[in-house]
K.L.:
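Okay, handing you the structure first.
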Amino acid sequence: EVQLVESGGGLVKPGGSLRLSCGASGFIFSSYSMNWVRQPPGKGLEWVASISSTGSHIQYADSLEGRFTISRDNAENALYLEVNNLRDEDTALYYCARDLGGLRGWFDPWGQGTQVIVSS
Amino acid sequence: IVMTQSPATVSVSPGESATLFCRATESVRSKLAWYQQKPGQPPRLLIYDATSRATDIPARFSGSGSGTEFTLTISGLQSDDFAVYYCHQYNEWPRAFGQGTKVEIK
């Protein structure tokens, strides 16, 4: 069974940092591009970042202003998102999702998400 | 590219059909997906490449359109279908989602 499990979220003060992780199983992780998508409480989906299967190609949403870094470890079947200088508006449920089109595809499946709360 | 979904909410009786719309500010060709999200759950892929149903998705879900105008039709709505639906373009960077359409019970 294809499975994605996020972790690493939590309560952090404005200006703080977190490292989110996404563990993958049930498929050949190194063959797929991966993505992070976030969802603020009660709101819609916002694409955050994407990374190619080898990590050589990376894209970010402009709104992040360079504060986030996506990476992956294919030997560990893991995807990461380092989030720095956090702001109130970064409060959201952060999902990882597999890309089925080689960095040009739809997202399936999605993990259950890890919650990030930014508050003083 | 900005994705705009309409209506924001649609009220439908079980057994009836619902048509959801998604419009892009510029052409995304057929690089469009639809997802269903229920409370407390992650999004689930329904349709990809505008018209192709994902694995195990019932035939009552159908997608159409290309370029800038897309529709998701749900025929014979069942109780399990009441949820929020999002469109997603993957033709250009940055990737973009619509704001969602909530399908509620009438």
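Computation of the quantities below employed the complete heavy-atom set of this structure, encompassing side-chain atoms and omitting hydrogens, waters and symmetry-equivalent molecules. Only a predicted model underlies this, so the values are computations on that prediction, with no experimental measurement involved. Each chain gets a letter, A, B and so on, in the order the sequences are listed, and its residues count up from 1.
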K.L.:
Count the heavy-atom pairs under 4.5 Å between each of B:P43, B:A96, B:G98 and chain A, then report the option with the highest count.
P.N.:
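Ranked by contacts with chain A, first place is B:P43.
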
K.L.:
Determine, using the 4.5 Å side-chain heavy-atom cutoff (strictly less than), whether A:L100 and A:V2 are members of one ILVMFWY cluster.
P.N.:
yes

K.L.:
For chain B, which of A:A61, A:G105, A:G101 has the most heavy-atom pairs under 4.5 Å?
P.N.:
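With the most close heavy-atom pairs to chain B, the winner is A:G105.
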
K.L.:
Decide side-chain contact (heavy atoms from CB on, under 4.5 Å) for A:V37 and B:F97; before the verdict, give the C-alpha distance in whole Å, the side-chain angles of both, and the deciding distance to 0.1 Å.
P.N.:
CA-CA 10 Å; A:V37 177; B:F97 292 89; 4.0 Å; yes

K.L.:
Quick check: closest heavy atoms across B:R29 and A:R104, and the distance to 0.1 Å?
P.N.:
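Here B:R29 and A:R104 meet closest at NH2-NH2, 4.1 Å.
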
K.L.:
Looking at chain A, which one of B:R95, B:E92, B:Q41, B:K31 has the largest number of heavy-atom pairs inside 4.5 Å, strictly under?
P.N.:
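That would be B:R95.
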
K.L.:
Is there a continuous path of hydrophobic side-chain contacts, each under 4.5 Å between heavy atoms, that joins B:W93 to A:Y32?
P.N.:
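Looking at the clustering, A:Y32 is in the same group as B:W93.
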
K.L.:
Please check if the number of heavy atoms outside A:K43 that lie under 6.0 Å from its NZ is greater than 12.
P.N.:
no

K.L.:
Are A:Y60 and A:M34 connected in the hydrophobic side-chain network, where two residues link if heavy atoms are under 4.5 Å apart?
P.N.:
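They do share one cluster, since a chain of ILVMFWY contacts under 4.5 Å joins A:Y60 to A:M34.
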
K.L.:
Below 30° counts as parallel, above 60° as perpendicular, anything between as tilted: where do the rings of B:H88 and A:F107 land?
P.N.:
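Judged by the thresholds at 30° and 60°, the geometry between B:H88 and A:F107 is tilted.
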
K.L.:
Report the distance from atom CZ of B:R44 to atom CH2 of A:W110, rounding to the nearest 0.5 Å.
P.N.:
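It is 14.0 Å, given to the nearest 0.5 Å.
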
K.L.:
With a sphere of 6.0 Å drawn around CZ of B:R23, does it hold more than 12 non-hydrogen atoms of other residues, nucleotides or ligands?
P.N.:
no

K.L.:
Should B:D49 and A:W106 count as side-chain neighbours, where that means a heavy-atom distance under 4.5 Å?
P.N.:
yes

K.L.:
What closest approach, in Å, do A:G44 and B:Y86 show between heavy atoms, and which atom pair accounts for it?
P.N.:
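The answer is CA-OH, 3.5 Å.
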
K.L.:
Shared ILVMFWY cluster between A:Y80 and A:W47, side chains joined below 4.5 angstrom?
P.N.:
no

K.L.:
Taking all atoms of both residues into account, what is the closest heavy-atom pair of A:L45 and B:Q37, and its distance?
P.N.:
CD2-OE1, 4.4 Å

K.L.:
Do B:V28 and B:Y85 belong to the same hydrophobic cluster, where Ile, Leu, Val, Met, Phe, Trp and Tyr are linked whenever their side-chain heavy atoms lie under 4.5 Å apart, directly or via other members?
P.N.:
yes

K.L.:
With chain A, which of B:V84, B:T55, B:L45 has the greatest number of heavy-atom pairs at distances under 4.5 Å?
P.N.:
B:L45

K.L.:
At their closest point, which heavy atom of A:G111 faces which heavy atom of B:P42, and how far apart are they?
P.N.:
O-CB, 3.1 Å

